[in-house]
Q: 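Here it is, the structure, as structure tokens.
This chain uses plain numbering: 1 for the first residue, then up along the sequence.
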Amino acid sequence: MAKLISGKEVSAKVRAEVKEECEALKAKGIRPGLAVIIVGDDPASRVYVNNKKKACAEVGFVSEEYALPEQTSQEELIALIGELNSKPEINGILCQLPLPKHLDEKAVINAISPMKDVDAFHPSNVGRIMIGDYHFLPCTPAGVMEMIKSEGIEVAGKNCVVIGRSNIVGKPMAMLLLHENGTVTICHSKTKNLKEVCAAADILVAAVGRPKFVTADMVKDGAVVLDVGINRDENGKLCGDVDFAAVEPKASYITPVPGGVGPMTIAMLMKNTLMAAKIQNEL
Ligand code: GUN
């Protein structure tokens with residue numbers, strides 16, 4: 001039977017540390033501020049944005065929400081980002097993705113000042129992560145690493161397999177595991193022998209976005225399984241990319257969905273915003 005790594009517990013610890021540091025900053029007259037931009041009325045994005053604002057209040061940050069209508073133009077959005085880039089009380093800027101189809105996501109990410117890019121999506125920050133000289137780590141992969149570290153799980157020398165190659169999760173996840181000296185393989189839709197590759201993993205990260213994609217035959221006995229997916233199953237119930245009931249008996253550690261990686265993402269966003277405030281105040 002696997003040990004559950006609780007994202008609720010690990011994220012609460014991260015948020016408590018951020019809160020403590022935030023109080024120390026307040027004593028110096030600094031209050032970290034995060035601007036969250038949401039364009040349109042995607043219900044999932046609305047939930048995420050509300051959770052981010054709530055987390056800010058809890059750790060003692062100021063948060064500003066910019067809810068723009070669906071038909072906002074590229075120029076209007078870029079102009080807002082420009083204003084926020086030069087607003088000293090805003091240390092972090094996050095534009096909730098996905099954006100409506102008529103907006104150019106790449107151009108929007110590029111418009112955010114790298115020093116305020118608390119998602120770590122800007123090419124400059126992505127490059128910094130690649131060479132191991134970074135201020136911010138992308139929130140979801142950083143959250144997965146925090147969960148691995150919370151259990152004292154050694155990554156060095158282990159076979160690490162990441163399923164999924166997105167810019168937001170799969171690719172940076174592989175890089176962070178590599179920084180910890182893992183032997184890393186990235187799998188994707190064109191991978192041959194996916195089952196065999198996954199079944200050789202000591203540490204398996206699922207970031208495919210398909211409900212219960214990872215089945216028991218893809219998991220080695222004693223593997224550490226980290227599930228980044230947030231999906232709905234055939235009954236509309238929240239589930240991950242891992243078939244939890246079938247995989248859990250084989251794994252040594254596993255993250256649940258919900259209550260696993262999900263809460264970590266927001267906790268790491270708070271950590272990045274704190275870091276942004278410290279850097280911008282030359283601390
Ligand atoms: N949409 C889904 N996840 C994320 C995230 O981590 N950051 C942003 N900006 N948008 C998202």
Side-chain angles (χ1 to χ4, degrees), residues 14-15 17-39 48-49 52-53 55-66 68 74-97 99 103-143 145-146 166-169 171-173 175-176 179 264-283:
V14 172
R15 290 198 313 271
E17 285 163 8
V18 171
K19 186 173 179 176
E20 201 179 311
E21 274 208 61
C22 179
E23 271 154 21
L25 285 185
K26 268 191 220 159
K28 295 189 169 94
I30 299 162
R31 183 137 188 236
L34 175 69
V36 183
I37 306 170
I38 176 170
V39 187
Y48 291 135
V49 166
K52 286 166 185 174
K53 281 164 45 191
C56 280
E58 193 194 298
V59 298
F61 296 172
V62 174
S63 72
E64 292 182 357
E65 178 185 303
Y66 295 85
L68 307 180
Q74 180 80 9
E75 293 68 30
E76 287 167 321
L77 180 53
I78 301 279
L80 170 62
I81 291 171
E83 279 170 38
L84 295 171
N85 281 340
S86 41
K87 195 170 176 180
E89 62 270 35
I90 289 299
N91 306 111
I93 304 169
L94 179 148
C95 184
Q96 188 66 30
L97 304 178
L99 289 168
L103 295 171
D104 177 354
E105 244 168 50
K106 234 191 252 177
V108 169
I109 289 169
N110 284 346
I112 297 173
S113 159
M115 298 312 287
K116 296 192 177 185
D117 169 39
V118 284
D119 266 324
F121 290 169
H122 191 286
S124 152
N125 288 323
V126 174
R128 280 179 162 272
I129 291 157
M130 191 85 176
I131 59 172
D133 172 29
Y134 47 78
H135 303 298
F136 310 123
L137 289 175
C139 302
T140 301
M145 292 310 295
E146 195 74 25
S166 70
N167 289 333
I168 295 182
V169 184
K171 284 187 216 169
M173 186 73 246
M175 202 50 62
L176 300 195
H179 287 164
M264 292 305 300
T265 299
I266 294 187
M268 301 320 276
L269 173 69
M270 299 300 109
K271 206 167 166 169
N272 280 347
T273 305
L274 178 78
M275 175 60 78
K278 283 174 34 181
I279 294 170
Q280 287 156 41
N281 287 284
E282 291 167 3
L283 291 172

Q: Mind checking whether K52 and L269 have side chains closer than 4.5 Å, heavy atoms only?
A: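 Counting from C-beta outward, K52 and L269 do come under 4.5 Å.
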Q: Closer than 3.5 angstrom, by distance alone: can the side chain of N85 be matched with the main-chain N or O of S113 as a donor-acceptor pair?
A: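 It does hold such a pair.
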Q: Taking only residues two or more places apart in sequence, or in another chain, which ones meet N167 in a side-chain hydrogen bond (donor to acceptor under 3.5 Å, both in side chains)?
A: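 Scan of N167 (side-chain hydrogen bond (donor to acceptor under 3.5 Å, both in side chains), adjacent residues dropped) gives K171.
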Q: Check for a donor-acceptor pair, side chain of D117 on one end and backbone N or O of H122 on the other, with a separation under 3.5 Å.
A: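 Between the backbone of H122 and the side chain of D117 there is a qualifying donor-acceptor contact (under 3.5 Å).
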Q: Counting N and O atoms only, with roles assigned by atom type, does the side chain of H179 sit under 3.5 Å from a partner on the main chain of I129, one being a donor and the other an acceptor?
A: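 At least one qualifying donor-acceptor pair exists.
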Q: Please test R31 against E89 for side chain to side chain contact (heavy atoms under 4.5 Å, CB included), starting from the C-alpha separation and ending with a verdict.
A: CA-CA 8 Å; R31 183 137 188 236; E89 62 270 35; over 6 Å; no
Q: Rounded to the nearest 0.5 Å, what's the gap from OG on S124 to OH on Y134? Could you check?
A: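 If I round to the nearest 0.5 Å, the distance is 15.0 Å.
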Q: Are any side-chain N or O atoms of Q280 and backbone N or O atoms of M115, one a donor and one an acceptor, separated by less than 3.5 Å?
A: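 Answer holds: yes.
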Q: Look only at the side chain of K116 and the backbone of I90, and say whether a donor-acceptor pair between them is shorter than 3.5 Å.
A: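 Pair found, side chain donor or acceptor close to backbone of I90.
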Q: Only counting residues at least two apart or in another chain, list the ones meeting salt bridge (charged side-chain N to carboxylate O under 4.0 Å, His left out) with E17.
A: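 Partners of E17 by the salt bridge (charged side-chain N to carboxylate O under 4.0 Å, His left out) criterion, ordered by chain and then number, come out as K13.
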Q: Quick one: list whatever passes salt bridge (charged side-chain N to carboxylate O under 4.0 Å, His left out) with K271, sequence neighbours left out.
A: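 Partners of K271 by the salt bridge (charged side-chain N to carboxylate O under 4.0 Å, His left out) criterion, ordered by chain and then number, come out as E146.
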Q: Looking at L103, V39, I38, which hits side-chain contact (heavy atoms from CB on, under 4.5 Å) with L68?
A: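 Only one of L103, V39, I38 forms a side-chain contact (heavy atoms from CB on, under 4.5 Å) with L68, namely V39.
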Q: As a quick check of understanding, evaluate side chain to side chain contact (heavy atoms under 4.5 Å, CB included) for V108 and I81, giving each step before the final call.
A: CA-CA 8 Å; V108 169; I81 291 171; 3.6 Å; yes
Q: Please name all residues satisfying salt bridge (charged side-chain N to carboxylate O under 4.0 Å, His left out) with E58, sequence neighbours left out, ordered by chain then number.
A: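 Applying salt bridge (charged side-chain N to carboxylate O under 4.0 Å, His left out) to E58 gives R15.
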Q: What's the shortest heavy-atom distance between Q96 and L94, and which atoms?
A: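 Heavy atoms only, the tightest pair is OE1-CD2, 3.6 Å.
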Q: Test side chain to side chain contact (heavy atoms under 4.5 Å, CB included) on V36 and L34; report intermediate values, then the result.
A: CA-CA 6 Å; V36 183; L34 175 69; 3.9 Å; yes
Q: Could you check whether atom NZ of K19 has more than 12 heavy atoms from other residues, nucleotides or ligands sitting under 6.0 Å from it?
A: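 No, NZ of K19 has 12 or fewer neighbouring heavy atoms, counting only those of other groups under 6.0 Å.
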Q: Check whether any side-chain N or O of D119 sits under 3.5 Å from a backbone N or O of F121 as a donor-acceptor pair, and report yes or no.
A: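 No, because the side chain of D119 does not come within donor-acceptor range (under 3.5 Å) of the backbone of F121.
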Q: Closer than 3.5 angstrom, by distance alone: can the side chain of N125 be matched with the main-chain N or O of A120 as a donor-acceptor pair?
A: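 Not confirmed, N125 side chain does not pair with A120 backbone.
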Q: So M270 and V14, do their side chains get closer than 4.5 Å, heavy atoms only?
A: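 Of all side-chain heavy-atom pairs linking M270 with V14, none is under 4.5 Å.
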Q: State, to 0.1 Å, how close C95 and L99 come at their nearest heavy-atom pair, and which atoms those are.
A: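 Smallest interatomic distance, heavy atoms only, reads SG-CD2, 3.7 Å.
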Q: Return the set of residues passing side chain to side chain contact (heavy atoms under 4.5 Å, CB included) with K278 (not counting sequence neighbours), or none when no residue passes.
A: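 Only E21, L25, L274, L283 meet the side chain to side chain contact (heavy atoms under 4.5 Å, CB included) criterion with K278.
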Q: State, with a plain yes or no, whether a side-chain heavy atom of I112 is found less than 4.5 Å away from one of V118.
A: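 When only atoms from C-beta onward are counted, V118 and I112 do not touch, as no gap falls below 4.5 Å.
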Q: Would the distance check show the side chain of N272 and the main-chain N or O of L137 forming a donor-acceptor pair, the cut-off being under 3.5 Å?
A: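 Yes; at least one donor-acceptor contact below 3.5 Å.
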Q: Mind checking what makes side-chain hydrogen bond (donor to acceptor under 3.5 Å, both in side chains) contact with K87, not counting sequence neighbours?
A: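 Counting only residues at least two positions away or on another chain, K87 forms a side-chain hydrogen bond (donor to acceptor under 3.5 Å, both in side chains) with E64, Y66.
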Q: Of the non-hydrogen atoms in P172 and S166, which two are nearest, and what is the gap between them?
A: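 Shortest heavy-atom contact: CD-O, 3.7 Å.
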Q: So, taking the atom named CD in E75 and the one named CD1 in I78, what distance separates them when rounded to the nearest 0.5 Å?
A: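 Interatomic distance, E75 CD to I78 CD1, rounded to 0.5 Å: 8.0 Å.
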Q: Within the distance-only criterion (no hydrogens, no angle test), does the side chain of N91 pair as donor or acceptor with the backbone N or O of T273 below 3.5 angstrom?
A: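 Answer holds: no.
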Q: Determine whether L84 and I37 satisfy the following criterion, side chain to side chain contact (heavy atoms under 4.5 Å, CB included), listing intermediate values before the conclusion.
A: CA-CA 10 Å; L84 295 171; I37 306 170; 3.9 Å; yes
